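This report refers to the structure that appears directly beneath it.
Note that the structure is a prediction, hence the values are computed from the model and not measured.
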Amino acid sequence: MLLFDTAPLPRTDRAEAFRVAMQEAAAPCRVEHREDPGAMEARMQAWPYGSVTLLATDATRFRMVRTRRHVARDDGAVVALAFQHRGRGEFDQLGHEQHVQGGDLMLVDMSSPYGFGCATGGGSRALLVPLDRLGLPVDVVRRATPRLRASPLHDLVRDHLQRLADAAPELSADPGAAALGTATVELLRALVVSAAGDDRHGPEVRADTLVTRVRAHVARHLTDPALTPAAVARAHGVSVRHLYKAFAAAGASLEQEVIAGRLEAARSRLASPAGRHRPIAATARACGFADASHFARRFRAAYGMSPREWQRAAAG
């Protein structure tokens with residue numbers, strides 16, 4: 001959903017309109033422009049994932065400052081997890097200073113003063129999560145802020161957030177968007193606990209987020225024929241029996257989710273321009289199926305037609 005765009009605005013109105021948009025979309029703050037305010041260009045979009053929101057901001061050079069006075073005016077405590085889509089950002093809060101670029105995540109406790117700027121212009125993507133949805137004390141969030149990069153979960157969560165942002169128009173409109181938001185909050189909670197080194201919440205978070213973490217692992221290794229329940233269990237330090245119990249408690253089946261993911265990947269490849277001229281067996285192998293006949297049976301059961309029929313329908 002488009003929140004703000006400078007394109008149709010008179011140059012004299014752009015800076016004030018951007019300030020108002022930032023306050024309404026994110027939080028009360030002061031906006032400082034690093035160039036002629038009339039020359040600024042900005043665009044803001046937001047997509048809901050249940051109780052959390054993904055905010056995309058693309059703008060020329062600016063800096064936002066959130067003071068104690070701004071914090072006092074705000075109603076609810078929010079945590080933001082963000083990364084730079086392009087450009088480089090500078091973040092400072094509670095004595096922690098960080099350059100945010102490329103693969104770096106930034107964790108912001110919006111109940112405390114902070115500053116964020118982009119000296120080169122660029123774009124940021126931020127997931128806004130109410131603190132009560134995160135289910136962790138604010139001191140744990142603050143301990144985690146300077147330590148995110150040290151967590152082994154950092155890149156997993158970064159990749160997940162990137163995909164959430166890249167496909168936001170489609171994903172946020174999907175019937176499963178709220179459930180996806182819930183799963184994303186669980187991943188964020190696991191990252192915060194891991195980075196903070198919090199022994200009090202670690203075991204319960206690891207248990208609560210096992211299915212979510214396994215699903216993310218499966219998505220990254222979907223085309224690997226060696227993606228077996230035993231391999232997945234080893235990667236997460238649990239027994240196969242424990243893994244099955246966790247999925248059963250979530251009303252799901254690990255094997256069925258792997259098969260469904262591989263079938264959807266194969267269906268997409270078969271319909272692509274290159275895939276329409278590729279042998280069925282080659283597509284099956286590329287999507288993790290060792291046996292082409294087994295793949296064909298599964299495909300027909302799932303979609304009501306053979307892979308060849310789907311390939312021809314896509315070509316027609």
Side-chain angles (χ1 to χ4, degrees), residues 1-49 52-93 96-130 158 161-173:
M1 177 177 68
L2 180 64
L3 298 179
F4 173 76
D5 192 348
T6 55
L9 299 178
R11 292 169 63 90
T12 54
D13 296 342
R14 291 181 176 184
E16 176 61 15
F18 181 60
R19 184 189 67 80
V20 172
M22 286 291 290
Q23 300 219 27
E24 291 180 349
C29 62
R30 182 176 75 247
V31 177
E32 302 170 350
H33 299 284
R34 292 178 164 174
E35 56 189 51
D36 176 9
M40 80 164 301
E41 297 177 0
R43 182 180 175 88
M44 298 176 68
Q45 300 175 86
W47 294 277
Y49 288 90
V52 303
T53 300
L54 183 73
L55 179 66
T57 304
D58 295 277
T60 48
R61 300 186 301 159
F62 76 97
R63 176 174 171 79
M64 63 175 291
V65 177
R66 186 159 157 84
T67 66
R68 293 187 184 280
R69 179 172 57 84
H70 292 126
V71 170
R73 286 166 45 196
D74 214 352
D75 292 334
V78 173
V79 172
L81 183 70
F83 67 93
Q84 283 298 107
H85 178 66
R86 39 184 198 87
R88 186 183 78 169
E90 302 98 26
F91 168 59
D92 58 88
Q93 183 174 47
H96 168 64
E97 297 181 359
Q98 177 183 354
H99 290 297
V100 190
Q101 59 185 342
D104 297 329
L105 286 173
M106 175 181 79
L107 184 65
V108 186
D109 163 25
M110 298 178 70
S111 67
S112 294
Y114 70 91
F116 174 79
C118 194
T120 60
S124 67
R125 305 292 181 262
L127 187 75
L128 306 179
V129 182
R158 170 62 171 76
L161 192 58
Q162 177 78 65
R163 293 186 182 186
L164 213 63
D166 288 348
E170 297 80 17
L171 292 177
S172 63

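- Between the side chain of R19 and the backbone N or O of V31 there is no donor-acceptor pair closer than 3.5 Å.
- Judged by distance alone, the side chains of Q98 and H96 do bring a donor and an acceptor atom under 3.5 Å apart.
- Between F18 and T60 there is no side-chain heavy-atom pair separated by less than 4.5 Å.
- Interatomic distance, CZ of R30 versus CZ of R63, reported as 8.5 Å (0.5 Å rounding).
- Residues V129 and L81 fail the side-chain proximity criterion, which asks for heavy atoms closer than 4.5 Å.
- Side-chain atoms of R66 never come within 3.5 Å of backbone atoms of S112 as a donor-acceptor pair (strictly under, hydrogens ignored).
- Residues R43 and L2 form a side-chain contact, since some pair of their non-hydrogen atoms from C-beta on lies under 4.5 Å apart.
- Residue L54 comes nearest to L164 through the heavy atom pair CD2-O, 3.7 Å, listed as atom of the first residue, atom of the second, then distance.
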request  = Would you sort out whether D166 and R125 count as a salt bridge (charged side-chain N to carboxylate O under 4.0 Å, His left out), showing the intermediate values?
outcome  = CA-CA 10 Å; D166 288 348; R125 305 292 181 262; over 6 Å; no

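- Closest heavy-atom contact between G89 and F116: CA-CE1, 3.8 Å.
- Looking at heavy atoms from C-beta onward, F62 lies out of side-chain contact with M40 at the 4.5 angstrom threshold.
- Minimum interatomic distance between Q84 and S124 (heavy atoms only, all atoms of both residues): OE1-CB, 3.3 Å.
- Taking CG of L105 as the reference point, atom CZ of R158 lies at 6.5 Å (rounded to 0.5 Å).
- Shortest non-hydrogen contact noted between W47 and A56 is CZ3-CB, 3.7 Å.
- With rounding to the nearest 0.5 Å, the separation of CG in D58 from CD in E41 is 11.0 Å.
- The environment of CZ in R163 is sparse: at most 12 heavy-atom neighbours from other residues, nucleotides or ligands sit within 6.0 Å.
- Separation of atoms NE2 (H99) and CD (E90) is listed at 6.5 Å; rounding is to 0.5 Å.
- Between C118 and R88, the shortest heavy-atom contact is SG-O, 3.4 Å.
- Contact detail for A168 and S172: the closest heavy-atom pair is O-OG, 2.7 Å.
- A side-chain donor-acceptor contact under 3.5 Å links Q93 to the backbone of D109.
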